Protein chains: 2
Amino acid sequence: MEGRKRKILEAIILDYIATGEPVGSRTIARRYNLGVSPATIRNEMADLEELGLLEQPHTSAGRVPSDLGYRYYVDCLMERQELSQSEKDYIRSRFEQKLGEIEQVLAEATRLLAEMTNLAAVGLGPYQGRAYIRQVQLFHVSPGRALLVVVTSNGLVEHHFFSVPCGISQFELERVSRLLNHRLQGIILEELKPSILNDIYRELVAEHRELCSLLMELLERLSKLEKEEKIFLEGTLNLFEQPEFRDINKVKSLLSILGQADTLRELFAQGPPAGLTIKIGRENKYQGISKCSVLTVTYEINGEVIGNVGVLGPTRMDYSRTISILEYVAQNLSRALERLCG
Amino acid sequence: MEGRKRKILEAIILDYIATGEPVGSRTIARRYNLGVSPATIRNEMADLEELGLLEQPHTSAGRVPSDLGYRYYVDCLMERQELSQSEKDYIRSRFEQKLGEIEQVLAEATRLLAEMTNLAAVGLGPYQGRAYIRQVQLFHVSPGRALLVVVTSNGLVEHHFFSVPCGISQFELERVSRLLNHRLQGIILEELKPSILNDIYRELVAEHRELCSLLMELLERLSKLEKEEKIFLEGTLNLFEQPEFRDINKVKSLLSILGQADTLRELFAQGPPAGLTIKIGRENKYQGISKCSVLTVTYEINGEVIGNVGVLGPTRMDYSRTISILEYVAQNLSRALERLCG
DNA sequence: ACTTAGCACTCTAAATTATAGAGTGCTAAA
DNA sequence: TTTAGCACTCTATAATTTAGAGTGCTAAGT
């Protein structure tokens with residue numbers, strides 16, 4: 001595409017992102033001095049519409065970028081906006097607080113994203129599929145009740161209460177703990193198949209007949225670990241400041257999407273491969289967000305992708321800035337997690 | 001108040017709850033055959049307005065109950081609506097699933113409330129103030145990292161990762177665990193004052209000089225336990241089906257209230273004393289919900305109040321049914337928790 | 001002393017009409 | 001190829017009309 005068309009397209013997109021109003025030829029001529037008259041710009045605009053990059057809400061309105069237009073902008077036109085030093089410092093500082101748990105760190109990252117982008121932010125993970133079991137511990141909490149704690153390599157801690165026969169001593173529980181650890185440590189959750197569990201069960205049941213039902217439950221529980229992923233959502237309210245959500249029905253359909261954990265997971269879970277994913281408007285499969293874009297980026301521990309954070313906002317968003325924030329946050333998030341449980 | 005006035009007031013409130021439209025004298029005369037003419041009803045309505053129980057949106061509209069009107073209805077007029085057997089069975093069945101953790105049970109209760117009342121539902125707790133420490137466990141998860149697990153009498157499980165000097169053996173950690181348990185078991189969280197922690201610290205530091213910083217962090221962490229309460233929120237979307245939320249600004253101010261954990265906690269944390277609390281319209285302090293009512297009920301373990309569940313909806317809600325659901329859910333919730341960790 | 005029919009009056013919500021303004025596309029001249 | 005000029009289109013806003021629901025008051029009925 002020739003230089004002038006690109007410049008005009010860019011001007012229209014930037015103006016629309018800034019104002020939210022359809023952009024007319026006069027506006028472009030006035031605000032961005034491209035050295036041509038409105039009439040010329042009108043001709044170019046007609047071409048750009050032909051190419052599918054612009055749209056007209058109605059005959060006598062200005063132009064609005066189409067999904068394709070944004071796509072072209074993001075892929076070819078946009079320049080990455082560097083964050084200012086103070087913004088970087090701020091982001092870094094938010095991860096330097098004492099955040100004891102992996103989930104707290106992720107929650108904080110999500111909050112931070114929502115705050116800085118003024119969009120809705122989502123944090124997903126950490127994925128447990130490729131994680132392996134680090135530790136299994138079983139101990140009494142009161143007569144007749146025990147707690148199982150499982151720690152995975154991705155830093156997830158899961159616990160579960162069990163009833164145990166009153167006769168079981170702490171000593172015996174510790175033996176079971178050791179045995180479980182011996183057999184389970186290092187096993188990747190995805191590969192935790194019933195056959196392995198059955199082996200353990202057989203071995204255990206011989207020695208600890210009284211613990212039968214406990215063990216069944218316990219092993220069942222373990223095999224479910226893989227599927228559990230936490231979801232954090234922040235900044236929903238930010239979206240409703242945007243003029244595109246003046247309509248209550250749009251708000252409703254958006255809220256119903258944001259309210260379903262499954263849907264969010266599908267929208268935001270992109271990794272691996274590592275890096276940034278951008279879905280603009282209709283590129284998303286859900287109807288309710290056909291006027292929204294979803295940006296996600298992966299985060300990792302020791303080079304392995306273990307989750308996503310991302311934002312959702314109107315297609316008319318400041319992609320350049322949002323992407324910078326997203327990447328910088330993800331980078332700091334990864335580093336914080338490595339500090340925590342690498 | 002004389003019988004006819006009460007009947008008219010009740011008719012107006014019931015009609016308004018059902019339709020959402022201001023109620024006129026003709027409507028009452030037609031739908032509820034009280035054996036008097038619209039003119040008579042008009043006179044009574046004027047009286048009821050004088051008493052502050054009714055309001056007129058404008059001169060030529062029908063009447064709408066005021067906060068005071070609802071209050072009178074709830075306190076004096078309303079009959080408790082029994083839930084049907086199948087509804088009761090349904091609620092009970094939802095608590096009979098395998099719900100391994102106290103927080104899962106609470107989350108389920110909140111979802112159930114939202115679903116059955118068609119309002120926004122909130123689950124709070126379990127409160128940790130009066131809970132005591134049941135178990136403290138400290139163990140390695142990988143070289144140089146340890147996990148602390150604390151279990152309270154209210155069934156809360158908290159965990160926290162620590163860096164430990166590489167030289168520390170599992171054996172040593174177990175000794176520390178035992179010592180911590182010995183000193184902390186049975187201590188009520190509210191009474192976990194710095195002085196106790198300092199004692200422990202002094203005792204530990206003599207034997208385990210290398211663990212200094214770990215211990216500091218650990219004790220600090222313990223003292224924060226009291227304040228942590230989980231909040232569950234479900235069914236926000238339900239509210240926006242109500243005609244009173246056609247206006248986007250109302251939606252926004254409501255969402256901003258529902259989005260703040262602190263505010264929710266303040267609104268819904270009522271107990272003890274045990275039982276039901278009803279706040280109607282302006283009786284709530286927050287402006288944004290001046291057209292909403294908040295109903296909460298306490299739940300307990302072994303007779304001790306440990307949390308609240310509740311709903312928030314427009315003042316124009318079906319109080320009778322909502323209250324029945326709320327109480328039945330709370331009762332089942334208490335029972336489920338007792339089964340789980342009583 | 002209540003109750004009620006009748007009626008003038010008020011107010012709103014919805015429908016209708018008028019108005020202003022922004023923006024376009026086309027034509028013809030530079 | 002660019003641009004000024006102009007007729008035309010479309011929408012959003014405001015202004016106006018209309019219909020209907022509901023009230024309060026009065027005066028007559030029980």
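Every chain is numbered from 1 and lettered A, B, ... according to where its sequence line falls, protein lines coming before strand lines. Model, not experiment: these values are computed from the prediction.
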Within the sub-3.5 Å range, which N or O atoms of nucleotides 1-4 of chain C have a protein N or O partner, and how far apart are they?
from, atom 1, to, atom 2, distance (Å)
C:dT3, OP1, B:R4, NH1, 2.9
C:dT3, OP2, B:R4, NH2, 3.0
C:dT4, OP2, B:S37, N, 3.0
C:dT4, OP2, B:S37, OG, 3.3
C:dT4, OP2, B:T40, OG1, 2.3
C:dT4, O5', B:S37, OG, 3.3

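- Looking at residues two or more places apart in sequence or on another chain, you find no salt bridge (Lys or Arg N to Asp or Glu O under 4.0 Å) involving A:K285.
- What separates CZ of A:R42 from C1' of D:dT1 is a distance of 16 Å, to the nearest Å.
- In this view, A:Q81 satisfies the side chain to side chain donor-acceptor pair (under 3.5 Å) rule with no residue, not counting sequence neighbours.
- Contacts classified as ring pair (Phe, Tyr, Trp, His ring centres under 6.0 Å) and involving residues 39-76 of chain B (residues at least two apart or in different chains) are given here: B:Y70-B:Y319.
- Taking the side-chain contact (heavy atoms from CB on, under 4.5 Å) definition, one finds that A:S256 meets it with B:L237, sequence neighbours left out.
- Using a 4.0 Å cut-off on heavy atoms, the residues of residues 46-61 of chain A that approach DNA chain C are A:Q56, A:T59, A:S60, A:A61, listed by number.
- Judged as a side chain to side chain donor-acceptor pair (under 3.5 Å), and not counting sequence neighbours, the contacts of B:R31 are B:D15.
- The list of side-chain hydrogen bond (donor to acceptor under 3.5 Å, both in side chains) pairs with a residue in residues 16-29 of chain B, not counting sequence neighbours, reads B:S25-B:R42.
- The salt bridge (Lys or Arg N to Asp or Glu O under 4.0 Å) search around A:K252 returns B:E241, not counting sequence neighbours.
- For A:R63, a side-chain nitrogen or oxygen approaches OP1 or OP2 of C:dG25 to under 4.0 Å.
- Within the structure, every pair that satisfies the side-chain hydrogen bond (donor to acceptor under 3.5 Å, both in side chains) test and touches residues 242-251 of chain B, not counting sequence neighbours, is listed here: B:Q242-B:R316, B:E244-B:R316.
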Verdict with supporting geometry, A:R63 and A:E55, salt bridge (Lys or Arg N to Asp or Glu O under 4.0 Å): CA-CA 6 Å; A:R63 255 76 171 205; A:E55 284 168 354; over 6 Å; no
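- Applying the salt bridge (Lys or Arg N to Asp or Glu O under 4.0 Å) rule to B:E10 yields no partners; only residues at least two apart in sequence or on another chain are considered.
- Within residues 6-33 of chain B, no residue places a heavy atom under 4.0 Å from DNA chain C.
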